[in-house]
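One structure is given here, and the rest of the page talks about it.
Count residues from 1 along the sequence. Here the structure is a predicted model, which means the values were calculated and not measured.
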Amino acid sequence: MTRAGGAAEPENPLFTRIPGHVLVRLDAHAPADMPGVTPRPASGVSDLPEWIPDWHQAHAVEQARLEYETPNDEDRLIERLRHVVGGALRTSGSIHGHLGQLATTPVAESGPDTDSYLWLHAFQHPDAPQGRLPAHHMAHVISVLANHEAKGSARTPETVDPGLTLHHYDLFDPRMQNALAVTGREACALWKPVRASYERSATGKICLVTPQDVLDRLRFTHGTG
């Protein structure tokens with residue numbers, strides 16, 4: 001496996017395939033959590049592997065800060081609601097029907113040279129909001145920088161449809177949930193088939209971005225350790 005810049009990566013369990021296991025999208029905003037894994041209190045010390053370049057970490061922390069500190073934007077909320085309603089009118093006619101249809105839309109097969117990144121939970125990082133760096137920011141940065149080096153070389157569930165559209169809807173935003181009568185658990189449930197289809201569609205490498213303790217528990221639970 002190689003880093004975004006092309007240098008060989010050390011053997012490191014941060015990026016590991018979990019055979020036969022479909023990971024459900026859970027992030028800092030999701031009310032549900034994986035059984036047996038609870039959020040750790042912020043330690044004030046980063047638990048990101050040392051071999052991840054500092055500038056990768058800096059980009060991910062910047063994204064996390066923007067997400068956390070950006071004030072509520074009513075124009076953006078209205079734009080997202082218009083997209084949801086427009087999608088419903090073009091498909092089933094009902095919002096919940098549209099969301100369900102979107103979630104079960106197959107993800108297009110990736111190319112054999114495309115790395116597919118999955119992510120789970122959050123890392124510890126002293127510069128991130130509340131000391132937690134959601135793993136999706138780290139996965140996103142790694143994917144974006146890899147694509148700068150070679151277009152189409154990496155993807156995440158949020159950068160290919162239907163995940164791209166579902167991510168734009170941002171159903172973990174309480175205001176979207178209130179407007180659409182969708183709960184946080186329902187939002188998680190919508191992502192589950194998307195993640196499953198995303199994994200099945202990968203013909204290249206599948207990489208998991210997650211803290212070491214979460215990976216250890218996954219390995220133990222699924223007998224891959």
Side-chain angles (χ1 to χ4, degrees), residues 21-39 60 63-108 116-123 128-130 132-140 143 155-202 208-210 214 218:
H21 181 57
V22 176
L23 299 169
V24 181
R25 182 184 193 275
L26 297 174
D27 63 13
H29 309 296
D33 215 335
M34 190 178 77
V37 178
T38 55
Q63 283 190 3
R65 284 177 172 171
L66 286 173
E67 180 182 73
Y68 185 79
E69 297 170 359
T70 300
N72 291 337
D73 186 337
E74 295 300 328
D75 290 338
R76 183 169 176 267
L77 174 64
I78 292 171
E79 178 196 1
R80 283 182 285 151
L81 288 172
R82 284 175 175 167
H83 275 278
V84 176
V85 172
L89 292 174
R90 289 191 301 272
T91 55
S92 67
S94 75
I95 287 175
H96 280 238
H98 166 59
L99 294 175
Q101 182 176 334
L102 180 67
T104 55
T105 300
V107 176
S116 296
Y117 287 91
L118 288 163
W119 55 266
L120 194 65
H121 290 274
F123 294 96
Q130 299 181 330
R132 299 183 72 229
L133 178 60
H136 73 88
H137 290 305
M138 197 70 252
H140 178 73
S143 175
R155 65 178 191 163
T156 70
E158 297 82 14
T159 58
V160 290
D161 272 324
L164 179 64
T165 299
L166 200 56
H167 179 63
H168 176 69
Y169 289 171
D170 194 7
L171 299 180
F172 292 106
D173 183 337
R175 299 172 302 161
M176 290 292 287
Q177 293 175 9
N178 291 336
L180 302 175
V182 174
T183 68
R185 289 187 180 277
E186 288 172 336
C188 287
L190 288 169
W191 273 100
K192 186 173 183 178
V194 175
R195 290 287 290 253
S197 178
Y198 173 84
E199 182 171 354
R200 289 194 301 268
S201 72
L208 172 64
V209 182
T210 194
V214 176
L218 284 170

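The distance from atom CZ of R195 to atom SG of C188, rounded to the nearest 0.5 Å, is 11.0 Å. Taking CZ of R76 as the start and CG of D170 as the end, the distance is 6.0 Å to the nearest 0.5 Å. The line from CE of M138 to CH2 of W119 is 14.0 Å long, rounded to the nearest 0.5 Å. Here CG of L118 is found 9.0 Å from CZ of R155. Values are rounded to the nearest 0.5 Å. How far NE2 of H137 is from CZ of R132: 11.0 Å, rounded to the nearest 0.5 Å.
Minimum heavy-atom separation, A60 to L133: O-CD1, 3.5 Å. For the pair A135 and F123, the tightest heavy-atom approach, listed with the atom from each and the gap, is CB-CE1, 3.9 Å. Taking every heavy atom of both residues into account, P106 and P162 meet most closely at O-CD, 4.2 Å. The shortest heavy-atom contact between F172 and A187 is CE2-CB, 3.9 Å. The nearest pair of heavy atoms linking H121 to V214 is CD2-CG1, 3.9 Å. Closest non-hydrogen pair, L190 versus L99, comes out as CD2-O, 3.6 Å.
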Verdict with supporting geometry, L77 and M176, side-chain contact (heavy atoms from CB on, under 4.5 Å): CA-CA 7 Å; L77 174 64; M176 290 292 287; 3.4 Å; yes
Please report the C-alpha distance between L166 and L102 in whole Å, then the side-chain angles of each, then the deciding distance to 0.1 Å, and finally whether the side-chain contact (heavy atoms from CB on, under 4.5 Å) criterion is met. CA-CA 8 Å; L166 200 56; L102 180 67; 3.9 Å; yes
Do E158 and Y117 pass the side-chain contact (heavy atoms from CB on, under 4.5 Å) test, and can you show the C-alpha distance, the side-chain angles, and the key distance before you say yes or no? CA-CA 10 Å; E158 297 82 14; Y117 287 91; over 6 Å; no
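Within the 4.5 Å cutoff, no side-chain heavy atoms of H136 are placed close to those of T156. In this structure, L180 and L81 have side chains that are in contact, with non-hydrogen atoms separated by less than 4.5 Å. The closest side-chain heavy-atom distance from E79 to H168 is below 4.5 Å. In this structure, I95 and V84 have side chains that are in contact, with non-hydrogen atoms separated by less than 4.5 Å.
A side-chain donor-acceptor contact under 3.5 Å links S197 to the backbone of V107. Within the 3.5 Å criterion, the main-chain N or O of Y198 finds a donor-acceptor partner in the side chain of S201.
Side-chain contact check for E186 and H96: no donor-acceptor pair (N or O, by modelled atom type) lies under 3.5 Å. For the residue pair T91 / H98, a side-chain donor-acceptor distance below 3.5 Å is found, with atom types taken as modelled.
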